[in-house]
Structure formats: structure tokens, C-alpha cells
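In what follows, a single structure is set out as C-alpha cells and then discussed.
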Amino acid sequence: MRKQSRLEKVPFPQSMQFKFVMSYFAIIAAVLVLLNTYPLIASQDMVFKSKSDSLQRQAASMAVSLGALESLTAEGVSQVMEVLDDGSLTRVIVTDASGLILYDTSKEADNRGRYALLQEIVLALNGPSGNDVARTDYKENAFRSRAAIPILYRGMLLGAVYLYEYDSQQAAILQDLQSTLRNLSAIIGVLACLISMLFSRTLARRIGQLLSGIRSVREGEYTYRVELAGRDEISALAGEFNRLTERLQTTDEVRRRFVSDASHELKTPLASIRLLTDSILQSEHMDGETSREFVSDIGEEADRLSRITEKLLALTRLDNGVDKPAERVDLSKTVENVLHMLSMLAREKEIRLSANLDKGGTVLANGDDLYQIVFNLVENGIKYNQPGGQVRVQVRKRPDWVVLRVEDDGIGIGKEDLKKVFDRFYRVDKARSREAGGTGLGLSIVKDTARRHGGVITAGSELGEGTWFQVKFPAAGEEGEK
């Protein structure tokens with residue numbers, strides 16, 4: 001059963017869900033405030049302008065008609081206004097040039113013969129030609145509109161017309177709109193809050209699943225996988241997390257196997273050394289020749305330990321990604337140097353070396369790494385060959401590749417073993433490998449080193465007929481190319 005990682009309890013005010021909810025609340029509140037203010041302000045401004053313009057037009061029409069009288073008298077104005085005033089306005093006042101009221105529809109008192117002290121009338125009569133005045137305000141649930149227009153006759157100021165309208169019907173419509181928006185906002189706010197809480201909870205739960213997986217992997221459970229449906233960024237993040245844990249799991253398995261194999265490989269020569277030293281110490285009358293033989297065996301095991309340690313260090317450098325400076329290296333010359341170095345070993349094993357090398361096979365790599373690849377492949381061909389056998393080395397130059405091929409006439413490798421020859425510490429014939437001084441690390445080092453320089457290694461073999469290894473390196477191109 002998969003172990004579940006115990007999650008630490010995060011206080012709600014500090015949780016992602018709380019932050020999401022508060023963010024949604026802030027956005028929703030801003031939208032609702034805008035919904036409840038802008039339409040009302042826009043509607044109110046539109047009503048103000050409409051009423052002011054309407055009163056100005058009516059007042060202007062009355063002023064034109066009254067201006068035709070040439071002089072204003074109470075009787076003349078009354079006669080004209082009886083035709084013009086349809087009774088739709090709350091109050092109509094007509095004054096002479098001094099502000100004396102000649103006509104007033106107010107039912108509260110008879111103001112004729114009195115001076116109009118209204119601000120709009122004073123402004124309308126101000127100056128030689130007067131001024132057009134109009135304003136509307138909203139007060140006590142009603143629109144109050146006022147307009148004053150000067151009455152002119154041939155440019156002379158005769159008086160002014162003042163119109164006043166008290167409108168509670170449109171104010172009621174505006175109040176109904178405000179009430180409707182308020183109720184609608186409340187419903188939208190409640191629904192949006194519920195949806196935001198549900199969404200934030202779902203999002204927080206998905207993040208919580210991913211966090212649980214991270215904590216499980218942190219505790220060493222590399223088999224943990226996060227299963228999140230969907231195709232959003234969190235699902236993509238979960239996919240990347242699963243791929244990362246797969247890689248960690250693989251790395252951990254390789255590390256465990258490497259430690260186990262390394263311990264086993266180091267244990268064998270150490271045990272041999274311990275056995276040989278105990279034999280020397282426990283033998284009181286050992287002759288000199290036997291002692292020298294035992295000491296020689298101890299030296300051989302020590303050399304074997306040294307070889308294993310050196311190759312382990314090489315693998316560690318490869319695993320840690322320690323890059324060495326790359327340079328243009330002629331692979332054919334490297335092969336010639338390796339064959340010269342291994343010629344004595346080949347003569348001792350009665351193995352014939354042959355080479356078929358193209359000129360100009362230049363690759364971009366580290367010279368020491370390239371030398372090690374060629375050395376390991378040719379040395380294996382010699383060590384695991386048969387007396388009288390042959391090792392053939394070829395370097396072929398292709399347009400985009402430089403190909404190294406090493407073939408031998410050895411006993412060959414079985415198909416099942418061939419799949420594992422690049423695994424660390426794997427040896428086809430363990431007894432023969434130890435006898436030949438092999439560590440099971442050479443081909444693994446060759447593969448990792450070639451890969452670091454963009455190379456690809458392949459192998460083939462037939463039992464009883466021999467084995468071949470081929471490494472393809474990207475060609476470095478001509479001198480000066482980038």
C-alpha cells in the first residue's frame with residue numbers, strides 16, 4: 001500500500017484558498033460597485049441634460065413670441081401666455097427688464113407687481129443682451145429643472161422668461177432602476193461568491209495533491225505519482241512532476257545497484273588480499289619463493305583495486321557532468337597512437353592489429369576522452385580474443401559523421417548478454433573477465449563519454465565469430481567553420 005505523506009495544517013487565513021477567495025471577492029466587489037454607480041450616474045446626467053435642453057427650447061420659443069410685442073405689459077403678456085402655456089410646467093414667470101413680475105403661474109400667491117429675486121432670472125437679465133441660463137438637480141426624490149431666457153426686441157432687452165419643472169415620475173423610474181440594480185447585484189454577488197469559493201477550493205485541492213506528492217518524494221517515496229485530470233497548467237505541472245519522479249526513481253535504482261555492484265567488486269580483491277596476508281602470517285615456516293608468490297598475488301589484487309577505483313572516479317566525473325574543454329581532434333591519429341601503445345599487449349596475446357583509416361576524420365571533443373574510448377574498445381578486442389585472432393580498426397569520414405568501428409575474432413557475445421554489455425559492472429564471462437583484469441566498467445565509460453560528445457555507440461556479435469563496436473561522432477567540419 002502506498003504510504004501517504006502527512007500534510008502540515010496551513011491556517012486558513014494563510015492558505016491559497018483564502019487568498020483566491022479574497023481576490024475573487026475584491027474583483028466581484030469592484031464590478032458590483034461599478035454596476036451600481038456608473039449606470040445611475042450616466043442615466044442621471046442624461047436626464048439632467050435632456051431636461052435642461054427641453055426647458056431651454058420651450059423658454060426660447062416663449063421669448064421669441066413675447067419679443068414680438070415690442071413692449072411688455074401684464075395684459076399683453078397674459079394674452080400671449082394663455083396661448084403658449086399648456087400647463088405642463090410647474091411654474092412660468094415673465095418679467096420686464098428690471099425684474100418686475102408681469103406673469104406668474106404660481107398658485108401660492110399673486111406675485112405680479114413684485115420683483116423676481118430668483119438667481120436664474122437675475123442672471124438672465126444681466127448684461128445688455130442678457131444670458132441663457134439652465135440647470136437641473138436631483139433633490140428629495142425629484143428632478144428640479146430651471147431655465148431662464150432673455151426676451152429681446154431688435155437687440156433690446158425687454159425682460160426674461162423663467163420656467164420651472166418639478167418631476168417626480170422620472171425620479172421614481174431612476175429609483176426603480178437603482179433598486180433593480182441593487183437586487184441584481186446582491187444575487188450576482190451571492191452566486192459569484194459561491195462559485196469563487198467552489199473554484200478556489202477545487203484549485204487549492206489540486207495544488208494540495210501536488211504538494212502532497214512533493215512531500216512524499218522528499219521523504220524518499222519515488223514511486224509516488226500525482227494523477228490530475230485536465231489540460232491546464234497545474235495538470236502540466238503534475239505531468240512534469242511525475243516525469244521528474246520517474247527520473248529520480250531510475251537514478252535511485254541505478255545508485256543502489258551501483259553501490260551494490262561496487263561493494264561486491266571491491267569486496268572480492270579485498271577478501272583475496274586478506275586471505276593472502278592471513279596465509280603469510282599464519283605460516284611460520286613459509287619459504288621465500290612461496291612468500292614472493294603470495295606477495296605478487298597481493299600486488300595483482302591491489303592493482304585490480306586501483307583499476308576499479310580509477311574507473312569509478314571516471315564514472316563519477318561523468319555522472320557529475322564535469323565538462324572538459326573540447327578541441328578539434330583527428331580520430332585517425334588517436335587510433336594510431338592507441339594501436340602503437342597496445343602493440344606489445346597484442347604481441348603477448350598473439351593478436352594481430354590492423355587499421356584502415358580515412359584522413360581528415362576530425363571531431364570536436366576532448367582529446368583524452370577520445371583516446372580513452374578508442375583504448376577501451378581496442379583493449380577489449382585484444383583481451384577477449386583468441387590466440388591468432390585479429391582486431392580490425394576502421395575510421396570512416398562521412399559528410400556529417402566520423403565513424404569508428406572496432407572488430408575482433410573472439411568468441412562473441414550472446415544476444416541476451418549483448419543487451420547488457422553497456423551496464424555498469426556487467427561481464428559476460430565473469431571468471432574470464434577477472435582473469436583478464438576486467439572491471440565491467442569499461443564499456444559503460446565508453447558509452448557515457450561518447451554520449452557527452454554527441455556520439456552514439458552500437459554493438460553486434462555472433463557467438464564463435466566475433467564482436468564489433470561502432471561509435472558515430474558528429475563531424476567537426478572544416479577549419480574555421482562554426
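Everything numeric in this text was worked out from a predicted model, so none of it was measured.
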What salt bridge (Lys or Arg N to Asp or Glu O under 4.0 Å) pairs are there with at least one residue in residues 22-36, not counting sequence neighbours? none
Side chain to side chain donor-acceptor pair (under 3.5 Å) involving [X] - partner list, sequence neighbours excluded:
| X | value |
| --- | --- |
| Gln56 | none |
| Gln394 | none |
| Arg247 | none |
| Thr467 | Ser461 |

With sequence neighbours excluded, what pairs up with [X] under the side-chain contact (heavy atoms from CB on, under 4.5 Å) test?
| X | value |
| --- | --- |
| Ser179 | Arg182, Asn183 |
| Lys51 | Val47, Thr136, Phe143, Ser145, Glu165, Asp167, Gln170 |
| Arg398 | Arg396, Trp401, Val403 |

With a 3.5 Å distance limit and no angle check, can you tell me whether Ser50 reaches the backbone of Met46 through a side-chain donor-acceptor pair? no
Judged by atom type as modelled, is there a donor-acceptor pair below 3.5 Å linking the side chain of Ser52 to the main-chain atoms of Lys49?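 Absent.
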Under the salt bridge (charged side-chain N to carboxylate O under 4.0 Å, His left out) test, which residues partner [X], sequence neighbours left out?
| X | value |
| --- | --- |
| Lys333 | none |
| Arg144 | Glu140 |
| Glu348 | none |
| Asp330 | none |

On a heavy-atom basis, which atom in Glu120 and which in Ala148 lie closest, and how many Å separate them? O-CB, 3.5 Å
Under the criterion side-chain contact (heavy atoms from CB on, under 4.5 Å), which of Asn376, Asn366, Asp369 is the partner of Thr449? Asp369
CD1 of Ile382 to CD of Gln390, rounded to nearest 0.5 Å, is 12.0 Å
How many angstroms lie between CZ in Arg146 and CZ in Arg135, if you round to the nearest 0.5 Å?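 Atom-to-atom, Arg146:CZ and Arg135:CZ are 4.5 Å apart.
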Kindly indicate whether the side chain of Phe473, heavy atoms from C-beta on, has any atom under 4.5 Å from the side chain of Ile373. yes
